[in-house]
Amino acid sequence: MHTLELFWMQNRVNDVLDLAKRRGFFWAAYETYGGSAGLYVLGDLGVKLMNNVEELWRDTFVRPHDFVEVDTPSLMPMPLLEASGHVANFKDPMAECLNCHRKYRADHLLSDAGKKIQESLSIEQIKKELTDLAIRCPECGSTSWEVKPFLTMFETRIGPYADNIAYLRPETAQGIFVEFNRLFQIERSRIPIGIAQIGRGFRNEISPRQGIIRLREFHMLELELFMDPNDTKCKYIDEVLKEELYILDERRILQGEMDAVAISIMDALASSIIKTEWLAYFMALSQRFLQSLGVPREKQRFVEKITGERAHYSAQTFDHEVFMYELGWIEVAGHAYRTDYDLTSHMKKTGAEYTASVQLDEPQKVKRRVWSIDVQKLKEREPVRWKEVMKEYSNIKDRTNTPPQSIAGIAVDPSFIIIKEEEVMLQSRKFIPHVVEPSFGGERVMLACLLYAYDIRDKRNVMHLPYRLAPIKAGVFPLVNKLEMEKTAQQIYSKIKKAGIPCIYDDSGSIGRRYARVDEIGTPFAVTVDDRTLQDSTVTIRERDTWKQRRVNQESVVDELLRNSNS
RNA sequence: GCGACGAUCGUCCAGCCUGGUCUAGGACAUCAGCCCUCCAAGCUGGUAACGCGGGUUCAAAUCCCGCUCGUCGCACCA
């Protein structure tokens, strides 16, 4: 590679971040107060670009499938996130060595020492274990520890009562899961169904380096696809079967492979590299989405999360990564097969029923065993406590399985349990839907888009943003500041604006300078009014990507611009 | 959290070691105007900064301490 080219490659991210700040796409927040890591501001261009990214996402993932969209609160009460497993999984016990102040995951220290850990160990218990086992700091050998939980969710309180703890959501998905029943009913119990949400997620990262890559508050674009676990077909799968993805799957990772290989969706499904059709379909869409944002296919890959690295809710996860020059491979999306983990968890916690049912083609005869309690016999055995048993018994709705070992503390005894075999005609089949989830980080997608749009031509910055993503579609300039030219240019500007096309008017500095200014923010067209306009009503349209100009009648400028709205 | 290094106009950099000459300089960007010109390059003028707090001193951008933030490394990263 040429030295100069190499130099430019190495500075691409910095150049783009610099441009983003200078022109108002985004920048680090609260600098006047000294700054606060992991928080970013989107400026006008950033807001417009993010909106366009979101619209493109809707056009890719939501609208073609008639999926629906919701907007749930960012604040979530603690019990909800306890049920989802986030409170347990986002609250790592951190052990700090009191001598050298290095920090470790306390559970890792214990398991390294060969100690089996229970999920439910309290902070005090962990501290006691560390002391009892005389575990030494791996760095300095000290045995004195301070154990504290580190919470990666932001904690707050709802209302005046201190015990009403809430968190800012670490993902938007939980809002969809807990509202599943109503959403499902509103959508007339269609299955499969996709429910989308665009919103903000919050994570209290320990040290959010890498600027806009790791944020404490960020845009999430999530879609939850609910499907029947016995009918996991995706009706759109044929459209993508031949598409190839670069995949690095778990098996190859465990073999020590580092490189992703191209494989078709068809083959990936046939060889079970991707476990379910919807997941494969969304991965293909995800690749297309990034392609339409300007990221070539070869600069994208899907890396499977190996067991143990995966989130607590996931049966299979692929990270969708984009090569971002100096930053290396950066995850822009996670594609997770969450099974029925979330709905089941919320059911257990709340007693609500998150189920769907499908009508069977023909009713089925099913034999099943049902157990019940013989009250008379129970009374004989437990003359005092039988009422307690019956009270708890009446809360057990599903009696088709084997009876529990004890009810209300009374050991279940065959002497008062009746087990009946019965035959029922089932008209429908009930199930807890399984969930497949593509989840994007908005800022990272936006950055990927800017990185691949960025180019330097004749020492000038040019952002080759696709038309639909460009925050500003056109600049309108009078060639020189003559009153009539300005007037005509202003008229054209108003006309474009009224047509709903974002555009700017600029008459300051030389024409070349103005072209340079709009090139840098990715504005695809410049409309220039010159002397000839005043004679024959034509203007020039100058294209950002070629710097070529053509003359069109000023009446047709809006049409010329609108012709590009799909590109 | 630890360690190393750092923080000056919008941006990049100079000044700091050796305190005063700094009313903090330059370049690019930006703004007003001139020029009236199709690709940032001419001319005139303007706006604009020493991260925060404390100390030393007659005097602090400059020396010292604390804090905040940043970069990198360690650790962490459902």
Side-chain angles (χ1 to χ4, degrees), chain A residues 14-15 17-24 27-39 43 81 84-92 94-105 108-109 137-140 146 148 150-153 169-171 173-174 201 203-211 213-216 305 308-314 317 319 331 334 336 338 341 439 457-462 477-483 485-486 507-520 526-532 539-544 546-549 551:
Chain A
N14 276 341
D15 285 358
L17 293 179
D18 180 59
L19 190 156
K21 188 175 179 183
R22 200 158 33 78
R23 298 306 307 270
W27 59 89
Y30 307 136
E31 277 190 334
T32 41
Y33 278 88
S36 180
L39 300 176
L81 288 162
S84 69
H86 284 88
V87 171
N89 286 282
F90 270 71
K91 211 174 202 171
D92 297 327
M94 300 281 290
E96 182 179 349
C97 169
L98 289 177
N99 181 43
C100 69
H101 298 288
R102 279 172 205 278
K103 288 198 166 187
Y104 305 91
R105 283 275 298 269
H108 289 180
L109 286 174
C137 168
E139 283 298 321
C140 73
E146 167 86 37
K148 282 183 207 162
F150 182 80
L151 191 69
T152 39
M153 289 192 292
R169 61 182 173 194
E171 57 172 6
Q174 295 307 324
R203 293 173 193 189
N204 200 359
E205 300 282 355
I206 294 173
S207 70
R209 305 265 173 78
Q210 298 177 291
I213 292 297
R214 253 174 96 195
L215 295 172
R216 288 188 164 128
K305 287 282 207 190
E309 237 180 42
R310 275 198 300 271
H312 58 279
Y313 49 69
S314 169
T317 298
D319 282 349
E331 178 191 352
R338 304 178 72 131
Y341 177 88
S439 165
R457 181 168 178 182
D458 292 357
K459 293 182 184 169
R460 281 161 39 170
N461 295 331
V462 183
F477 312 137
L479 183 62
V480 293
N481 290 333
K482 279 185 187 162
L483 193 60
M485 275 188 205
E486 285 177 40
D507 61 8
S508 96
S510 74
I511 189 72
R513 187 183 294 264
R514 283 175 268 164
Y515 287 148
R517 277 200 281 251
V518 290
D519 279 348
E520 192 178 49
V527 178
T528 307
V529 171
D530 56 16
D531 279 318
R532 226 175 110 186
V539 295
T540 63
I541 291 188
R542 178 257 191 197
E543 290 180 10
R544 172 197 67 198
T546 58
W547 293 6
K548 293 222 172 87
Q549 287 178 308
R551 286 202 89 82

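In what follows, chains carry the letters A, B, and so on, assigned in the order in which the sequence lines appear, proteins first and then strands, with residues in each chain numbered from 1. From a predicted model like this one, the values you see are computed outputs, not experimental measurements.
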Can you find a side chain N or O atom of [X] that sits less than 4.0 Å from OP1 or OP2 on [N]?
X	N	result
A:R517	B:rU30	yes
A:R22	B:rC12	no
A:S510	B:rC38	no
A:K459	B:rA40	no
A:R514	B:rA40	no
A:R23	B:rU11	no
A:S508	B:rC31	yes

Backbone of A:R517 reached by a side-chain donor or acceptor of A:R23 within 3.5 Å
yes
As its Watson-Crick or G-U partner within any shown strand, both distances under 3.5 Å, B:rC58 has B:rG20
Searching all strands shown, indicate the nucleotide that pairs with B:rU71 (Watson-Crick or G-U wobble; both distances under 3.5 Å).
B:rA4
Classify A:I511 by what it touches in the nucleic acid, base, sugar-phosphate, or nothing, heavy-atom distance under 4.0 Å.
sugar-phosphate
Just checking A:D519: base, sugar-phosphate only, or nothing, at a heavy-atom cut-off of under 4.0 Å?
nothing
With rounding to the closest Å, how many angstrom separate the C1' atoms on B:rA7 and B:rG51?
7 Å
Using atom C1' of each nucleotide, how far apart are B:rC50 and B:rC63 to the nearest Å?
15 Å
Given A:R457, A:R542, A:R514, the one that forms salt bridge (charged side-chain N to carboxylate O under 4.0 Å, His left out) with A:D519
A:R542
